[in-house]
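Shown next, in structure tokens, is the structure this report addresses.
So you know, we letter chains A, B, ... as the sequences are listed, proteins then strands, and number each from 1.
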Amino acid sequence: MTGGARPHPPVLEVEDPGPLATVQDLGRSGYGHLGVPPSGAADAASLRLANRLLGNPEAAAGIEFTLGGGRLRPETPTWVALCGAVLPVTAGGRPAAMNTPIRVQGSLELGTPQAGLRTYLAVRGGIAAERVLGSAATDVLSGLGPEPLRAGAAVPLGPADDLGTMPVTVAPVAPLAAEPVLRLLPGPREDWLAENARATLHGGTYTVAPDSDRVGLRLEGPPLPRREGELPSEGLVTGAMQVPPDGRPILFLTDHPTTGGYPAVAVLADRDLRVAAQLRPGAPVRFRLQVSAHQVGRRRSAGSARLGGV
Amino acid sequence: MKLRPAGDRALLAEVDDLQTVHRLHATLRRAGLAGLVEAVPAARTVLVVVDPDRLDLGWLAAELPTWPLADAEPAEPADTGAAAAGGTLDVPVVYDGQDLPEVARLTGVPAEEIVRRHTAAEHTVAFLGFAPGFGYILGSDPALEIPRRAAPRTAVPAGSVGLAGPYTGIYPRASPGGWLLIGRTAVGTWDPDRDPPALLRPGLRVRFRAVSSP
């Protein structure tokens, strides 16, 4: 950035947001007891990487593009980086690469990814959107945070003057698996699964339903038989797999409701959240049930509680 | 207390009653644990979410059952402009909800009597969930307990007061909802610019009062 006083913060013009573009950071924490979802980038690992490539704090706000398609124009030459679902990038009329810092002068155009769903744009200095409860993230369930970006939106950028040098020139990222197998840990209500449901879950192939979104993946496939009856509402975590009475599981992402009355029979292993966040409607997915690290070697002592068994 | 697993960064503590939920929630909030991200109370449980780089879940699982439980936090209603007496939030309600006849039918209690019982009962906020600021308010009158609506509405206006099971809820904003609507209130339960942003909190006592206009 050039020196001297600016009349206003630099701005990134959104000429076309593509199918859905939202401001995301690492979300809101500490307000779950008030009914506030954590929100934040569904594939947080990709946002973090994009930020690191630019020397930003990992939690700096960026833009989450769903199925690519955006066209943006920074007011002044600006460093950006794109991570997540791989798509064709054109910067200033020339092809550019993902997973590396790009100097953009003129327009930045995103194509459509062939695989994956969400691509993260980080800007050096971060997106300076207004924060609600400590975060600039758009929460599509509760409506907190900024509105999804519309054509013509002018997104303010943060200052880049105090950032260090950009440490990395390119970050190799493994491609997404064609048929991912997501690792599930025991959930708090694993005992609500019928015995044969476990085998179904472990062996079945599911498909991501069209009404999946940032709230969660709705899964089509073999229904999971479960105990009948109702469960008093209880807290839910990101990655929880909830089974409604019809047996069709829901895998919650970051805009999940904070409580729910259907049993959470399993929880996605943390490191597979980024894989789940990249599954597009129609994509196949399988699951593998794992034992939690905390289950191993637990002591059983009289009168003390212990983690529920596998 | 029974602890149930909830993934790499959380566990679910299940206890016997709502008062213990509130005491456990207060205990966790006062413990000053670095790496405690969330403590989400609900009907019979507290979900504890940690940052595993700062707080070891296995350690917490071993420690938590040994802690003496604090008294539940006394709940002071935030300033709303509405009258508050002795720590009880006053909620004026126009009892003209479109589901009042249905509630009367399901409970066998006539509509006027429903209003009398609802305003006479003692209510306590059990927990928040479903949406920011949405409190599940437990009522003391078992005659008003009802099942959830079979066909949820697509749009319930903000300020709507509804019943489901043993709870009363006040919708903080227009949203889909499955509760039986008995009235409406002008009391705002959610304002992100207010501190705290939610008007309701677990343990807060609530009294509903019939008015002719909101």
With a strict 4.5 Å heavy-atom criterion, list every residue of residues 249-259 of chain A that contacts chain B, or say none.
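Those residues of residues 249-259 of chain A which have a heavy atom under 4.5 Å from chain B are Thr258(A), Thr259(A).
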
Look up atom CZ in Phe130(B) and atom OG in Ser142(A), then write down how far apart they are to the nearest 0.5 Å.
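Rounded to the nearest 0.5 Å, the CZ-OG separation comes to 11.0 Å.
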
Measure the OG-CG distance between Ser29(A) and Leu36(B) for me, rounded to the nearest 0.5 Å.
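Between atom OG of Ser29(A) and atom CG of Leu36(B) there are 10.0 Å.
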
Salt-bridge test for Glu234(A) and Arg4(B): reply yes if a basic N is under 4.0 Å from a carboxylate O, no otherwise.
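Salt bridge between Glu234(A) and Arg4(B), a charged N being under 4.0 Å from a carboxylate O: no.
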
Check for a donor-acceptor pair, side chain of Asp270(A) on one end and backbone N or O of Asp8(B) on the other, with a separation under 3.5 Å.
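Absent.
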
Applying side chain to side chain contact (heavy atoms under 4.5 Å, CB included), can you list everything that pairs with Asp272(A), at least two apart in sequence or on another chain?
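In terms of side chain to side chain contact (heavy atoms under 4.5 Å, CB included), with neighbours along the sequence ignored, Asp272(A) is linked to Leu182(A), Arg183(A), Leu268(A), Val275(A).
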
May I ask you to name which of [options] has the most heavy-atom pairs under 4.5 Å with chain B?
options	value
Asp191(A), Leu236(A), Val267(A)	Val267(A)
Leu141(A), Leu144(A), Leu184(A)	Leu144(A)
Val132(A), Leu133(A), Thr238(A), Asp139(A)	Leu133(A)

How close do [X] and [Y] get, heavy atom to heavy atom, and via which atoms?
X	Y	result
Val237(A)	Ala10(B)	CG1-CB, 3.5 Å
Leu12(B)	Pro188(A)	CD2-CB, 3.6 Å
Leu200(B)	Leu34(A)	O-CD2, 4.3 Å

We want to know whether Arg201(B) and His33(A) form a side-chain donor-acceptor pair, criterion being a heavy-atom distance below 3.5 angstrom.
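No, because no side-chain N or O of Arg201(B) sits under 3.5 Å from a partner of the opposite role on His33(A).
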
Given a strict heavy-atom distance threshold of 4.5 Å, which part of Val37(B) is in contact with chain A: side chain, backbone, both, or neither?
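Both parts, backbone and side chain.
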
Report which part of Leu47(B) has an atom under 4.5 Å of a heavy atom belonging to chain A: side chain, backbone, both, or neither.
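For Leu47(B), the contact with chain A is made by the side chain alone.
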
Are any non-hydrogen side-chain atoms of Trp190(B) and Val36(A) less than 4.5 angstrom apart?
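Heavy-atom side-chain distance check passes, below 4.5 Å.
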
Using side-chain heavy atoms (C-beta onward) and a distance below 4.5 Å, is Leu185(A) in contact with Pro5(B)?
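Sidechains of Pro5(B) and Leu185(A): no contact.
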
Residue Ala264(A) versus chain B: region with a heavy atom under 4.5 Å:
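Neither part; nothing is under 4.5 Å.
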
Determine the option with the most heavy-atom pairs under 4.5 angstrom with chain A, choosing from Pro132(B), Pro192(B), Gly129(B), Gly135(B).
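Sorted descending by pairs with chain A, the first entry is Pro132(B).
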
For chain A, which residues of residues 38-45 of chain B have heavy atoms nearer than 4.5 angstrom:
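If one takes a 4.5 Å heavy-atom cut-off, the residues of residues 38-45 of chain B near chain A are Glu38(B), Ala39(B), Val40(B), Pro41(B), Ala42(B), Ala43(B), Thr45(B).
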
Would one find more than 12 heavy atoms of other residues, nucleotides or ligands at under 6.0 Å from atom [atom1] of [X]?
X	atom1	result
Tyr95(B)	OH	yes
Asp16(B)	CG	no
Gln19(B)	CD	no

State which residues pass side chain to side chain donor-acceptor pair (under 3.5 Å) with Arg248(A); sequence neighbours excluded, sorted by chain then number.
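Arg248(A): no side chain to side chain donor-acceptor pair (under 3.5 Å) contacts found.
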
